[in-house]
Amino acid sequence: MLSPRKAVWLLKLDQTRAPLYEAMTEHRLNRVVPFDVPGHKGGRADAALTDFLGRDCLKNDVNSMKPLDNLCHPVSVIKEAQELCADAFGAEHSFFIVNGATGAVQAMIMSVCKAGEKIILPRNVHRSAINALVVCGAVPVYVNPGENKQLGIPLGMTPEDVERAIIENPDAKAVLVNNPTYYGICSDLKKIVDIAHKHGLMALCDEAHGTHFYFGSELPPSGMSCGADMCAVSVHKTGGSLTQSAVLLMGKNVDSDYVRQIINLTQTTSASYLLMVSLDLARRNLAQNGAEFYEKTVKFSEYARSEINNLGGYYAFGGELCNGADFCAFDKTKLSVHTRAIGLAGIEVYDLLRDEYGIQIEFGDIGNILAIITGGDRALEIERLLGALSEIKRIYGKSPTGLFDHEYINPIVVTTPQQAFYAEQDTMPIEQTAGRVCSEFVMCYPPGIPILAPGERITDDILDYIRFAKEKGCSVTGSRDMNVEYLQVVK
């Protein structure tokens with residue numbers, strides 16, 4: 001007969017189970033009368049909302065209660081679901097996050113850095129990482145990523161640059177790595193993790209776009225497989241859960257109870273069961289069917305990449321650009337396409353696809369577009385995208401003269417993000433701010449990588465970039481002035 005401990009251990013590893021989903025199903029069957037929140041009472045309070053979302057959706061939108069556990073202090077079905085998630089992803093512990101990978105990234109950073117402590121990271125991080133520095137007061141040590149001159153895009157960090165930054169900042173506490181970047185580019189993650197650990201630093205991964213690394217074959221390695229201490233994984237992006245749901249993964253050297261306390265500083269106490277159940281079911285599906293799903297994803301992406309390159313003008317880039325240094329591996333699922341040679345900025349192609357052809361892609365920037373493809377797509381839709389790109393080139397293509405030729409500008413860091421964000425400030429017309437220190441964010445969204453972050457010197461090159469991005473129709477966000485005609489600068 002199995003001991004109770006052994007029986008529980010086997011239960012944890014049963015990836016056919018979805019404990020939170022099972023508990024929710026039982027709760028529905030019990031027909032409990034709701035005299036608690038939410039106030040829509042299973043959809044009865046608002047017929048329009050019920051018609052829009054469906055009665056089943058609203059009946060499953062419930063509040064924490066004993067049979068359904070509590071995300072802030074999980075002791076039963078949420079705890080089991082998180083343990084299954086950790087097992088599926090190859091982690092020691094995991095936490096469900098209902099504030100997206102943004103919440104997971106911020107929890108990682110705030111768990112390893114206190115005010116005044118240093119963290120080494122690439123400057124082409126998502127704004128969520130720099131937001132964490134504003135909140136907790138940690139000090140960034142930026143490692144400038146490499147750059148592909150042909151595409152004008154930032155790449156990854158080299159292990160040599162990371163180690164140099166560590167040696168120059170022996171008091172740093174952690175290294176943060178993008179795995180992958182928005183464009184699908186990966187650094188040499190294993191080497192960087194090993195270097196961080198050799199010097200006694202924690203190794204963190206922003207894997208907002210890397211869920212599939214844990215389940216697909218012939219893809220770059222995941223953070224957990226490389227020995228990272230914590231990884232922020234945005235399961236909703238390519239893993240099938242609902243938007244805004246993510247997981248935070250932890251290795252064996254992390255105090256998970258302390259991390260839970262950090263998460264609870266900022267995460268809601270009214271966690272959505274719709275989001276959490278979607279994570280539970282997505283994990284179960286990926287554990288059982290992920291390899292097949294991502295094999296289909298790669299086939300779609302590789303086919304589309306080949307056909308786009310046959311069109312001429314466009315360049316759907318891939319692993320052929322790997323150089324073993326700052327571009328060590330490529331995420332084959334990403335359909336990243338350079339558009340400058342057809343005379344159109346990426347954002348112009350993005351807008352044309354949506355407005356003229358009814359196709360919504362992930363983002364367009366100054367020189368590139370990105371289409372997110374998964375096994376949930378259909379061959380007919382891939383062909384529709386290819387046809388639209390061919391037509392855009394034929395109808396709208398022109399000389400590339402005058403197009404901006406780079407996406408990344410090395411920052412000039414003057415002070416910390418927290419000091420600049422909370423400093424006494426002046427409001428100035430943006431064209432008059434060259435030479436001043438910015439006290440807010442300016443970025444194109446998506447992808448949400450700051451052009452300017454608090455504490456950085458404003459230069460003519462940066463102002464030219466912002467001006468060009470606005471002219472081409474990029475969604476420029478982050479500043480207090482919604483029209484980005486004025487900037488907040490440090491007095």
Side-chain angles (χ1 to χ4, degrees), residues 17-85 94-107 110 127-128 131-132 135 208 232-237 239-248 259-285 360 445-446 448 477 480 482:
R17 294 199 60 228
L20 184 55
Y21 165 73
E22 293 159 12
M24 285 285 290
T25 301
E26 183 177 350
H27 171 71
R28 285 284 304 277
L29 292 174
N30 287 339
R31 303 181 68 183
V32 174
V33 179
F35 283 106
D36 61 350
V37 297
H40 59 64
K41 301 295 181 176
R44 295 194 300 269
D46 189 335
L49 182 65
T50 304
D51 289 343
F52 181 68
L53 294 179
R55 186 167 297 278
D56 283 344
C57 175
L58 289 171
K59 282 187 174 296
N60 284 313
D61 182 33
V62 297
N63 191 34
S64 296
M65 60 189 76
K66 282 188 176 181
L68 299 180
D69 211 353
N70 187 309
L71 184 60
C72 295
H73 194 89
V75 295
S76 59
V77 290
I78 294 177
K79 180 175 182 287
E80 287 183 52
Q82 291 181 154
E83 288 169 343
L84 279 163
C85 180
S94 77
F95 287 116
F96 287 176
I97 303 294
V98 293
N99 190 30
T102 289
V105 167
Q106 292 172 351
M110 293 166 64
R127 71 167 295 175
S128 59
N131 282 349
V135 173
V233 183
S234 192
V235 181
H236 76 87
K237 286 187 170 67
S241 64
L242 291 179
T243 296
Q244 201 174 310
S245 58
V247 297
L248 177 56
V259 174
R260 174 170 44 80
Q261 288 185 317
I262 295 296
I263 292 170
N264 286 341
L265 290 175
T266 56
Q267 182 157 258
T268 179
T269 56
S270 302
S272 166
Y273 278 84
L274 297 173
L275 298 182
M276 290 188 289
V277 169
S278 80
L279 285 169
D280 200 21
L281 290 175
R283 180 272 314 156
R284 185 178 73 175
N285 181 52
Q360 181 63 57
Y445 192 87
T477 68
R480 188 181 302 181
M482 296 292 286

Atom [atom1] in [X], atom [atom2] in [Y]: separation rounded to 0.5 Å?
X: Leu279; Y: His236; atom1: CG; atom2: NE2; result: 9.5 Å
X: Arg284; Y: Leu20; atom1: CZ; atom2: CG; result: 11.5 Å
X: Gln244; Y: Leu275; atom1: CD; atom2: CG; result: 5.5 Å
X: Leu281; Y: Asn285; atom1: CG; atom2: CG; result: 8.5 Å
X: Leu53; Y: Asn60; atom1: CG; atom2: CG; result: 12.0 Å
X: Asp280; Y: Glu80; atom1: CG; atom2: CD; result: 9.5 Å

Please report the closest heavy-atom contact between [X] and [Y], naming both atoms and the distance.
X: Gly240; Y: Ala282; value: C-CB, 4.2 Å
X: Ile263; Y: Ile97; value: CD1-CD1, 3.9 Å
X: Ile262; Y: Ala107; value: CG2-O, 3.8 Å
X: Lys41; Y: Phe35; value: NZ-CA, 3.6 Å
X: Gly43; Y: Thr50; value: O-OG1, 2.5 Å
X: Arg283; Y: Ala18; value: NH2-CA, 3.7 Å

Please identify each residue that fulfils side-chain contact (heavy atoms from CB on, under 4.5 Å) with Tyr445, with sequence neighbours left out.
His126, Thr477
Please identify each residue that fulfils side-chain contact (heavy atoms from CB on, under 4.5 Å) with Ser278, with sequence neighbours left out.
Ser241, Leu242, Ser245
Can you name the residues that form a salt bridge (charged side-chain N to carboxylate O under 4.0 Å, His left out) with Arg127, not counting sequence neighbours?
none
With Glu22, which residues qualify under salt bridge (charged side-chain N to carboxylate O under 4.0 Å, His left out), at least two apart?
Arg17
Please list every donor-acceptor pair under 3.5 Å in which a side-chain atom of residues 67-74 meets a protein atom from a residue at least two apart or in another chain.
| from | atom 1 | to | atom 2 | distance (Å) |
| --- | --- | --- | --- | --- |
| Asp69 | OD1 | Val75 | N | 2.9 |
| Asp69 | OD2 | Val75 | N | 3.1 |
| Asp69 | OD2 | Ser76 | N | 2.7 |
| Asp69 | OD2 | Ser76 | OG | 3.3 |
| Asp69 | OD2 | Val77 | N | 3.3 |
| Asp69 | OD2 | Ile78 | N | 3.0 |
| Asp69 | OD2 | Lys79 | N | 3.4 |
| Asn70 | OD1 | Cys72 | N | 2.9 |

Would you say that Val247 contacts Phe96 through its side chain, given a criterion of any heavy-atom pair below 4.5 Å between the two side chains?
yes
With the side chain counted from C-beta on, respond yes when Tyr273 and Ser64 share a heavy-atom pair under 4.5 Å apart, and no when they do not.
yes
What pairs meet the salt bridge (Lys or Arg N to Asp or Glu O under 4.0 Å) rule with one or both residues in residues 48-63, with sequence neighbours excluded?
Arg28-Asp56
Donor-acceptor pair, Ser94 side chain versus Gln82 backbone, under 3.5 Å?
yes
